[in-house]
Protein chains: 2
Amino acid sequence: MLKLSRLADYATLLMCRMTREPEAALSAAQLAQALGLPLPTVAKLLKRLTRAQLLSSERGGNGGYRLARSAASISLVDVISAVDGAPALTQCVNTPGSCAIELNCETRGHWAAINHAVSSVLSGVSLAQLGSARAIVIKPPQRIDQRKEGASRR
Amino acid sequence: MLKLSRLADYATLLMCRMTREPEAALSAAQLAQALGLPLPTVAKLLKRLTRAQLLSSERGGNGGYRLARSAASISLVDVISAVDGAPALTQCVNTPGSCAIELNCETRGHWAAINHAVSSVLSGVSLAQLGSARAIVIKPPQRIDQRKEGASRR
DNA sequence: CTAATATAGGACTATATAAGTCCTATATTG
DNA sequence: CAATATAGGACTTATATAGTCCTATATTAG
């Protein structure tokens with residue numbers, strides 16, 4: 001169905017929430033409370049996001065997490081990758097050798113391009129946009145063209 | 001990780017293989033054999049693809065499956081949707097009411113646009129392209145822009 | 001210096017979803 | 001009418017994901 005993992009989904013909510021208070025050090029408990037999500041899960045996500053350097057953390061009393069850089073410079077693909085690893089529509093994109101028919105697969109070469117196009121869409125959306133009330137508008141024909149053989153449908 | 005389901009992956013291989021003999025009625029057994037995939041799984045996929053009207057089928061001796069229309073007019077999103085349902089990065093895109101915080105979620109309105117952009121990429125790739133040796137070229141900046149027009153959500 | 005608080009990292013368990021298999025019914029061909 | 005092939009759905013199994021918990025470490029306040 002091509003969906004985000006639940007954790008990745010939560011992570012975007014978490015990051016969006018933090019975008020609203022970029023200066024404050026928010027604890028895992030505060031965030032779990034604010035979003036109505038289970039604390040252990042939120043804590044796990046915050047650790048992964050910190051590890052990926054999207055958040056910075058401080059220990060001890062008054063400690064917590066905050067955005068490591070501006071919300072405009074953090075994209076959806078950053079968040080998703082931090083939580084679940086980089087998008088890979090097919091195994092062969094990031095893990096060569098994982099498919100039995102890889103060697104004589106006609107389609108293999110194309111998947112890298114397709115995967116890249118999908119990632120591009122997600123890297124084009126920043127936390128700042130996601131948290132804004134303004135509509136995100138897709139630059140129209142979001143096309144993948146085949147050289148030479150025009151035959152693009154539509 | 002944002003990956004295709006294994007079945008969707010198999011389905012693209014299956015469809016690609018059929019693209020090479022669009023006229024022939026290929027049986028489930030023949031296709032399973034040709035691709036080195038388990039027969040029951042291939043049979044299941046063929047049934048779903050037929051149900052979605054991407055393939056036409058004939059029963060009885062000399063029966064089998066063939067593309068219901070030209071390979072150029074069948075896109076990846078068609079195949080994926082037939083097997084797994086339409087792409088829905090977040091639950092709320094296709095199944096409103098499934099998220100507890102839906103009502104006051106800031107990001108909800110944006111996901112429909114993002115989902116649409118991703119789907120567009122996949123609908124821009126046809127079976128004909130996927131089976132061709134020619135490179136699929138992504139039209140460069142695959143961007144999502146923020147425009148100042150009124151918030152469409154809410 | 002000690003107690004309290006908070007994150008870091010990883011191991012472990014449970015669960016939901018996907019994948020795979022199988023059974024029965026129906027249609028077509030020779 | 002026998003053989004072959006798809007149609008549909010129920011069922012089982014496997015796997016990946018999600019969730020939980022434990023121990024270690026760092027920081028702050030008193």
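Below, chain A is the first sequence line, B the second, and so on; all start at residue 1.
Using a 4.0 Å heavy-atom distance criterion, A:Ala43 is classed as making no nucleic acid contact. Among the heavy atoms of the strands, none lies under 4.0 Å from A:Ala29.
With respect to B:Glu58 and B:Arg66, a salt bridge is recorded, a charged nitrogen being found less than 4.0 Å from a carboxylate O.
To the nearest 0.5 angstrom, B:Met15 atom CE is 5.0 Å from B:Leu49 atom CG. Note that CG of A:Leu122 is 6.5 Å distant from CG of B:Leu89, once rounded to the nearest 0.5 Å.
For A:Leu45 and C:dT7, the CG to P distance is 13 Å, given to the nearest whole Å. Atom-to-atom, NZ of A:Lys44 to P of D:dC22 comes out at 15 Å; the value is rounded to the nearest Å. What separates CG of B:Leu37 from P of C:dG20 is a distance of 9 Å, to the nearest Å. Atom P of nucleotide C:dA19 and atom CG of B:Leu4 are separated by 10 Å, given to the nearest angstrom. With rounding to whole Å, B:Asp84 atom CG is found 16 Å from C:dA16 atom C1'. One atom, CG of A:Leu46, and another, P of C:dA8, lie 9 Å apart when rounded to the nearest Å. Across the protein-nucleic acid pair, A:Leu39 atom CG and C:dA8 atom C1' stand 14 Å apart, rounded to whole Å. Whole-Å rounding puts the B:Leu31 CG to D:dA5 C1' distance at 13 Å.
Side-chain atoms of A:Tyr65 lie closest to C:dT7 of the nucleotides C:dT7, C:dA19, D:dA7. Checking D:dA7, C:dA8, C:dG20 against every side-chain atom of B:Lys47, the shortest atom distance belongs to D:dA7. Among D:dA18, C:dG20, D:dG9, the nucleotide with an atom closest to any side-chain atom of B:Arg51 is D:dG9. Nearest to the side-chain atoms of A:Thr41 among the listed nucleotides D:dT20, C:dA19, D:dT6 stands D:dT20. Side-chain proximity of B:Pro38 to D:dA7, D:dG19, C:dT21: nearest is C:dT21. When distances run from any side-chain atom of A:Lys3 to the nucleotides C:dA18, C:dA19, D:dT6, the shortest one goes to C:dA18.
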Q: Tell me, with the steps shown, if A:Arg69 and A:Asp78 meet salt bridge (charged side-chain N to carboxylate O under 4.0 Å, His left out).
A: CA-CA 12 Å; A:Arg69 48 184 208 260; A:Asp78 295 330; 3.3 Å; yes
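Side-chain contact annotation: B:Ser73 with B:Ser70, donor-acceptor N/O pair under 3.5 Å present. No side-chain N or O of A:Thr90 forms a donor-acceptor pair with one of B:Asp9 less than 3.5 Å apart.
Counting heavy atoms from C-beta on, the side chains of A:Ser56 and A:Thr50 never come closer than 4.5 Å.
Evaluation of the side chain to side chain contact (heavy atoms under 4.5 Å, CB included) rule for A:Pro22 yields no partner, not counting sequence neighbours.
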Could you list the protein-to-nucleotides 27-30 of chain C atom pairs, N/O on both sides, closer than 3.5 Å?
| unit_1 | atom_1 | unit_2 | atom_2 | d |
| --- | --- | --- | --- | --- |
| C:dA27 | O4' | B:Arg59 | NH1 | 2.9 |

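Dashed line: the shortest gap from a side-chain N or O of B:Ser57 to OP1 or OP2 of D:dA7 is under 4.0 Å. OP1 or OP2 of D:dA18 lies within a sub-4.0 Å distance of a side-chain N or O belonging to A:Ser5. B:Arg6 has a side-chain polar atom (N or O) that falls below the 4.0 Å cut-off from OP1 or OP2 of C:dG20.
In terms of position on DNA chain D, the residue among A:Pro40 and B:Gly64 whose nearest nucleotide sits closer to the 5' end is B:Gly64.
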